[in-house]
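Working notes, structure below.
Counting begins at 1 with the first residue of the sequence.
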Amino acid sequence: MNFRKTAFAVALIAAVPAASAAEITVSAAASLSDAFKEIAGQYQKQHPDAKIKLNTAASGALLQQAAKGAPVDVLAFADQKTMDMAGGQNLIVPATRKNFARNTLVVVAPADSKLAVKGLKDLQQSSVKRIAVGNPESVPAGRYAKAALEKAGVWTSITPKIINTQNVRQALDYVARGEVEAGFVYNTDAQIQKDKVKVLWTVPLEKPVTYPIAVAKDSKQQVEAKRFADYVLSAKGQAVLRKYGFTRP
């Protein structure tokens, strides 16, 4: 009889989730996928009571998800404009907004490419038939690329060649598979597939590519969300980001 009571009590305890366990959803720009996966893994080892669910996509898509009420606790974007929009829509806790990384925009080609292009104007050459660019409406890398191409006075002339992608990683994949002659991606993305793509040059930008992070205003796990954001900014989080080619803002 005592055995049955004990077994019943154990079953009840097992059925009740640990009250201290905190699960948070981190929505991060596609270019952060690999670095944040490693950061989340390290964080969970250091804080066994926490569980991180990563949601990666183009910054614009993540903003739309949050605006429509999708559950999110931490937002990490690839540009300031998207975070400004999040702030304007009252989606973040302003005091938690911090810049945590910097990147550079580059033009890449397939590793075996023989293209003789050295600058943005050279993309007008007939040998360049297709160029992968993230959709400027939702992808920060695409927005940076469009601004640079407009400043160089070639945006209109190469528009027919542009293949819009859903995020910067898709642009990278198109180049890696040889489906386009060139593409605009971040330097950190190019390093991930350096056996399949080569960097042709770094794109000159008026403003540096900086990444902001913030706690979502409607997060039900504010304390845990801030703890994770702080970890990204910590020495350990920054070490992982440097490993993947990011630099301090």
Under the ring pair (Phe, Tyr, Trp, His ring centres under 6.0 Å) rule, what pairs show up with a residue in residues 41-70, not counting sequence neighbours?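 Sorted pair list: Y43-H47, Y43-F228, Y43-Y231.
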Would you list the pairs meeting ring pair (Phe, Tyr, Trp, His ring centres under 6.0 Å) in which at least one residue belongs to residues 141-177, sequence neighbours left out?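 Of all non-adjacent pairs touching residues 141-177, none passes ring pair (Phe, Tyr, Trp, His ring centres under 6.0 Å).
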For R130, is there any backbone N or O sitting under 3.5 Å from a side-chain donor or acceptor partner on E181?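 Pair found, side chain donor or acceptor close to backbone of R130.
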Would the distance check show the side chain of Q238 and the main-chain N or O of F100 forming a donor-acceptor pair, the cut-off being under 3.5 Å?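 Answer holds: yes.
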Under the side-chain hydrogen bond (donor to acceptor under 3.5 Å, both in side chains) rule, collect the residues that match up with R102, sequence neighbours excluded.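 side-chain hydrogen bond (donor to acceptor under 3.5 Å, both in side chains) check on R102 returns nothing, list empty.
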May I ask you to check whether over 12 heavy atoms, not counting those of [X], lie within 6.0 Å of atom [atom1]?
X    : atom1 : result
K81  : NZ    : no
Q166 : CD    : no
E137 : CD    : no

Using a 4.5 Å cut-off on heavy atoms from C-beta on, say whether the side chain of [Y] contacts that of [X].
X    : Y    : result
N187 : T202 : no
N55  : V72  : no
V93  : T96  : yes

So, Q124 versus K161: side-chain donor-acceptor pair below 3.5 Å or not?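 On atom types as modelled, these side chains do not qualify, holding no pair under 3.5 Å.
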Do the side-chain N and O atoms of T188 and N103 include a donor-acceptor pair separated by under 3.5 angstrom?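 Looking only at side-chain atoms, N103 and T188 do form a donor-acceptor pair, the distance falling under 3.5 Å.
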As a quick check of understanding, evaluate ring pair (Phe, Tyr, Trp, His ring centres under 6.0 Å) for F246 and Y186, giving each step before the final call. CA-CA 10 Å; F246 294 93; Y186 295 121; 8.1 Å; no
Qualifying residue for side-chain contact (heavy atoms from CB on, under 4.5 Å) with V232, from V26, I39, L32: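 Exactly one candidate clears the test, I39.
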By the definition side-chain contact (heavy atoms from CB on, under 4.5 Å), identify the one residue from T159, I158, I163 that meets it with I131.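 With I131 as partner, T159, I158, I163 yield a single side-chain contact (heavy atoms from CB on, under 4.5 Å), made by I158.
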Please test K53 against I24 for side-chain contact (heavy atoms from CB on, under 4.5 Å), starting from the C-alpha separation and ending with a verdict. CA-CA 6 Å; K53 179 182 177 183; I24 61 171; over 6 Å; no
Who passes ring pair (Phe, Tyr, Trp, His ring centres under 6.0 Å) against F77, sequence neighbours left out?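 In terms of ring pair (Phe, Tyr, Trp, His ring centres under 6.0 Å), with neighbours along the sequence ignored, F77 is linked to no residue.
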Work out which heavy atom in T25 is nearest to a heavy atom in P71; give both atom names and the distance.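 Looking at all heavy atoms of both residues, the closest pair is CG2-O, 3.7 Å.
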Could you walk me through whether R143 and S59 pass side chain to side chain donor-acceptor pair (under 3.5 Å), step by step? CA-CA 11 Å; R143 195 150 48 235; S59 295; over 6 Å; no
For K220, all residues meeting salt bridge (charged side-chain N to carboxylate O under 4.0 Å, His left out), sequence neighbours excluded: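 Per chain and number, K220 pairs via salt bridge (charged side-chain N to carboxylate O under 4.0 Å, His left out) with no residue.
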Mind checking what makes salt bridge (charged side-chain N to carboxylate O under 4.0 Å, His left out) contact with K226, not counting sequence neighbours?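 Expected list: D230.
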Rounded at 0.5 Å granularity, tell me how far CD in Q80 sits from OG1 in T210.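 Rounded to the nearest 0.5 Å, the CD-OG1 separation comes to 3.5 Å.
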Ion pair R227/D73, N-O distance below 4.0 Å: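 Salt bridge absent between R227 and D73.
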